[in-house]
**Q** 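There's a structure below that I have some questions on.
These numbers come from a predicted model, not from an experiment. Index from 1, following the sequence.
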Amino acid sequence: MADLSSCELSEAKEAEIELKKRQKRPWEDLHKSGKIGITPDLPETLGFYDIRAVRREEPELSSDPSLTRFICTELTRGYFLEHNEAKYTERRERVYTCMRIPKELEKLMIFGFFLCVDAFLYVFTLLPLRVLLALLRLFTLPCCGFSGSRLLQPAQVCDMLKGLILVLCFSMMHYVDYSMMYHLIRGQSVIKLYIIYNMLEVADRLFSSFGQDILDALYWTATEPKERKRDSIGVIPHFFMAVFYVFLHAILIMVQASTLNVAFNSHNKSLLTIMMSNNFVEIKGSVFKKFEKNNLFQMSNSDIKERFTSYVLLLIVCLRNMEQFSWNPDHLWVLLPDVFIVVTSEVAVDIIKHAFITKFNDITADVYSEYRASLAFDLVSSRQKNACTDYSDSVARRMGFIPLPLAVLLIRVVMSSVKVQGALSYTCVFLFYLGLVTLKVLNSIVLLGKSCVYVKRANMEDKLFERSSTAPSSSTKSPSKADQAKSSTPSGEFHVEQIPATPCSPPSSSFTSSVTTQPTPRTDLFPPPSTDVSSATAVSHPPTPPPQPQPAASSHSQEEVGEAQGASETKNRTPKKDLLEIDRFTICGNRID
């Protein structure tokens, strides 16, 4: 009897425990029976699901599912976009950014286009006048007397070299027959011409990249101070290299213009269609690549240069066609639709390309105002006292636009297309030249004013004054002084002398007046020569041997030297490049454009 009672009690306890478990976790039986499954929709707290959520699900799932109920659920099912507000706000901002890209991009393109126009007009207008002034100074030097260490100023030497390169290349271009080149290209097949045109575009970029280095090497070799130890091959070899480059680049652009002329004059316009489709192939090659701000800045400068070059090529094509039709104005209306199609395709491709690049790389449309400010900074800094280059050269470095080959070709085409005979014709040419000078001056004034506004708006005035104030102080550090700064002690340690920094005085003149001042030469390139008196005193007073370092203070001196070396390393460490220090040919991400 005792055993039976104990068994009954144990069974009752087990039944009671099982009932409590079912009351606490009723979903286990439901899960085993297949009526309900444990889903992530049920709220979980400390590893247990809420029983009230299970009980709410039971009456809904108890009814048998039907097609009518499913259709009603699908028709009445709702959702709230505000549950993911950040995601949809970001998508809307991307749409607004794509809508702003055409406006901001065209602002940059127009500003850069007029910068190229200014650099291009400089070759035809102010450069001949500057060459005449340099020649006048050179011829009147015996009469006026020689004063100073230079016959001509460095800028005048560069102007003379540019003028001489233009004259030599123009005379060499007379031996190149444009008509023969045109008919030679026209006899080729369409596919072959398409391949040739693509090869010419690549060659133009490579020529522009290496050509500016050749010209800069020539200018520096010709104007390098005589006191310095020269390690160059001489001015004459550099000059012939520059002439050879400009001549080859001019022929390359002539072949491009001839190919475009053949495309315009073809009957079915198939070549022109293929050449325009080549622009859309450019979208595929650039849109799906990762771009940083610096890469996009380089590509924007390249697009500005390509657009300006294509406009000049279209002008050459129109001049050649108008000459063939005896300047009949009716033929101009035949050319205008094709010109409009080419220009429109260029603009459309640039807008689509930049819109998707900014979308895929999360770049805002405000970056184009920064690019415009950087270009404006180049223009304003070329008018400062510490200007180290001409503005046309800075445009060439920034955008890859070298005006000399294009100017040689345009002069060659205009001289062969327009016949100047009689006094009236020469009078018209002189008036046209005065018009170009007026256009150049007005364009420069407007660009300078707009550049000052852009620089002020971007808060970049301090960089201008920092460059003008720190240029002389940084140039005073010659290699000999740098070697003197580190003097070795007998124990093998180095003692770094503290060079007092010159405080940068705030600009006294206004920002607008500072951009019109003349640049001043650097007088601190070399240390002053030592006099006999100083050498005599050095001989009479022999150097005293350095004192032996105290062993107790050795650890302290090592700590000071380590801190000084760390400070010098941080001072000499190159800062991260910003948009002002990156030119067109800086290899950023192994890309040229």
Side-chain angles (χ1 to χ4, degrees), residues 79 81-113 198 201-202 204-206 208-209 274-310 342-377 398-401 454 457-458 576-593:
Y79 50 87
L81 299 180
E82 60 190 18
H83 292 167
N84 200 352
E85 181 180 356
K87 173 183 175 182
Y88 292 105
T89 304
E90 181 184 358
R91 298 294 174 87
R92 185 173 61 185
E93 291 298 327
R94 286 184 180 181
V95 174
Y96 292 164
T97 300
C98 290
M99 293 173 62
R100 288 179 57 196
I101 287 298
K103 179 182 176 182
E104 299 296 329
L105 177 63
E106 288 307 312
K107 284 183 180 179
L108 175 65
M109 288 290 178
I110 291 173
F111 184 72
F113 175 80
N198 289 334
E201 284 189 348
V202 176
D204 181 43
R205 295 184 181 183
L206 296 178
S208 299
S209 177
I274 293 175
M275 291 171 62
M276 285 189 300
S277 66
N278 189 32
N279 295 328
F280 291 93
V281 176
E282 185 182 353
I283 297 177
K284 178 183 176 182
S286 58
V287 164
F288 301 105
K289 292 182 180 179
K290 183 174 179 58
F291 275 83
E292 300 293 338
K293 281 187 176 182
N294 297 334
N295 300 89
L296 185 59
F297 184 41
Q298 292 175 348
M299 194 182 69
S300 302
N301 292 331
S302 178
D303 293 337
I304 293 171
K305 177 253 180 183
E306 289 178 2
R307 186 177 293 190
F308 180 80
T309 305
S310 63
V342 173
V343 172
T344 306
S345 65
E346 286 277 348
V347 175
V349 166
D350 289 340
I351 289 176
I352 294 173
K353 181 173 62 176
H354 283 265
F356 280 98
I357 285 175
T358 53
K359 176 184 182 298
F360 293 149
N361 296 277
D362 294 331
I363 300 176
T364 61
D366 297 331
V367 73
Y368 292 100
S369 62
E370 299 178 11
Y371 298 161
R372 193 171 64 233
S374 297
L375 297 178
F377 186 88
R398 179 72 72 178
M399 299 182 184
F401 171 66
Y454 295 151
R457 192 178 298 171
K576 186 177 180 181
K577 286 189 175 182
D578 57 356
L579 294 177
L580 299 176
E581 297 176 351
I582 294 178
D583 57 2
R584 164 70 172 79
F585 306 114
T586 301
I587 300 178
C588 190
N590 293 327
R591 290 181 58 88
I592 295 178
D593 54 352

**Q** Please name the pair of heavy atoms, one in S286 and one in M299, separated by the smallest distance, quoted to 0.1 Å.
**A**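 Taking S286 first and M299 second, the nearest heavy atoms are CB-SD, 4.3 Å.
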**Q** What's the shortest heavy-atom distance between S300 and M109, and which atoms?
**A**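 Where S300 meets M109 most closely, the heavy atoms are O-CE, 4.2 Å.
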**Q** The test is side-chain contact (heavy atoms from CB on, under 4.5 Å); show your working for Y79 and L81 and say whether it passes.
**A** CA-CA 7 Å; Y79 50 87; L81 299 180; 4.0 Å; yes
**Q** Residues two or more places apart in sequence or in another chain: which of them pass side chain to side chain contact (heavy atoms under 4.5 Å, CB included) with K103?
**A**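 K103: side chain to side chain contact (heavy atoms under 4.5 Å, CB included) contacts with K107.
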**Q** According to side chain to side chain contact (heavy atoms under 4.5 Å, CB included), who are the partners of A348, at least two apart in sequence or on a separate chain?
**A**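 Once residues adjacent in sequence are excluded, A348 has no partner under the side chain to side chain contact (heavy atoms under 4.5 Å, CB included) criterion.
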**Q** Can you tell whether the side chains of E306 and R205 come within less than 4.0 Å, N to carboxylate O?
**A**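 A salt bridge is present here (some side-chain N lies under 4.0 Å from a carboxylate O).
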**Q** So N301 and Y371, side-chain contact (heavy atoms from CB on, under 4.5 Å) or not? Walk me through it.
**A** CA-CA 9 Å; N301 292 331; Y371 298 161; over 6 Å; no
**Q** Output a table of donor-acceptor pairs, distance under 3.5 Å, between side-chain atoms of residues 349-364 and any protein atom two or more places apart or on a different chain; print 'none' if there are none.
**A**
residue, atom, partner, partner atom, Å
D350, OD2, R307, NH2, 2.8
K353, NZ, E282, OE2, 2.8
K353, NZ, D303, OD1, 3.1
K353, NZ, D303, OD2, 3.3
H354, ND1, Y368, OH, 2.8
H354, NE2, D303, OD2, 2.8
T358, OG1, H354, O, 2.8
T358, OG1, A355, O, 2.8
N361, OD1, F291, N, 2.9
N361, ND2, I357, O, 2.7
D362, OD1, R94, NH2, 3.4

**Q** Could you state the interatomic distance from CD (E370) to CG (L108), rounded to the nearest 0.5 Å?
**A**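 Between atom CD of E370 and atom CG of L108 there are 11.5 Å.
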**Q** Any donor-acceptor pair under 3.5 Å linking the side chain of S208 with the backbone of D204?
**A**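 Yes; at least one donor-acceptor contact below 3.5 Å.
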**Q** Could you work out, with side-chain hydrogen bond (donor to acceptor under 3.5 Å, both in side chains) as the rule, every residue matching D366, not counting sequence neighbours?
**A**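 Once residues adjacent in sequence are excluded, the partners of D366 under the side-chain hydrogen bond (donor to acceptor under 3.5 Å, both in side chains) criterion are R100.
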**Q** Supply the atom-to-atom distance K305 NZ to S310 OG, rounded to the nearest 0.5 angstrom.
**A**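 The distance works out to 10.0 Å.
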**Q** Just wondering, do K290 and N295 contact through their side chains at under 4.5 Å, heavy atoms?
**A**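 Side chain of N295 against side chain of K290, heavy atoms only: no contact under 4.5 Å found.
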**Q** By ring-ring contact (aromatic ring centres under 6.0 Å, His included), which residues pair with F113, not counting sequence neighbours?
**A**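 Only F308, Y311 meet the ring-ring contact (aromatic ring centres under 6.0 Å, His included) criterion with F113.
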**Q** Roughly how far, to the nearest 0.5 Å, is the CD atom of Q298 from the CZ atom of R398?
**A**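 Between R398 CZ and Q298 CD, I get 9.5 Å after rounding to 0.5 Å.
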**Q** With a cut-off of under 6.0 Å to the ring centre and 45° to the axis, is R372 in cation-pi contact with Y454?
**A**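 So R372 does make the cation-pi contact.
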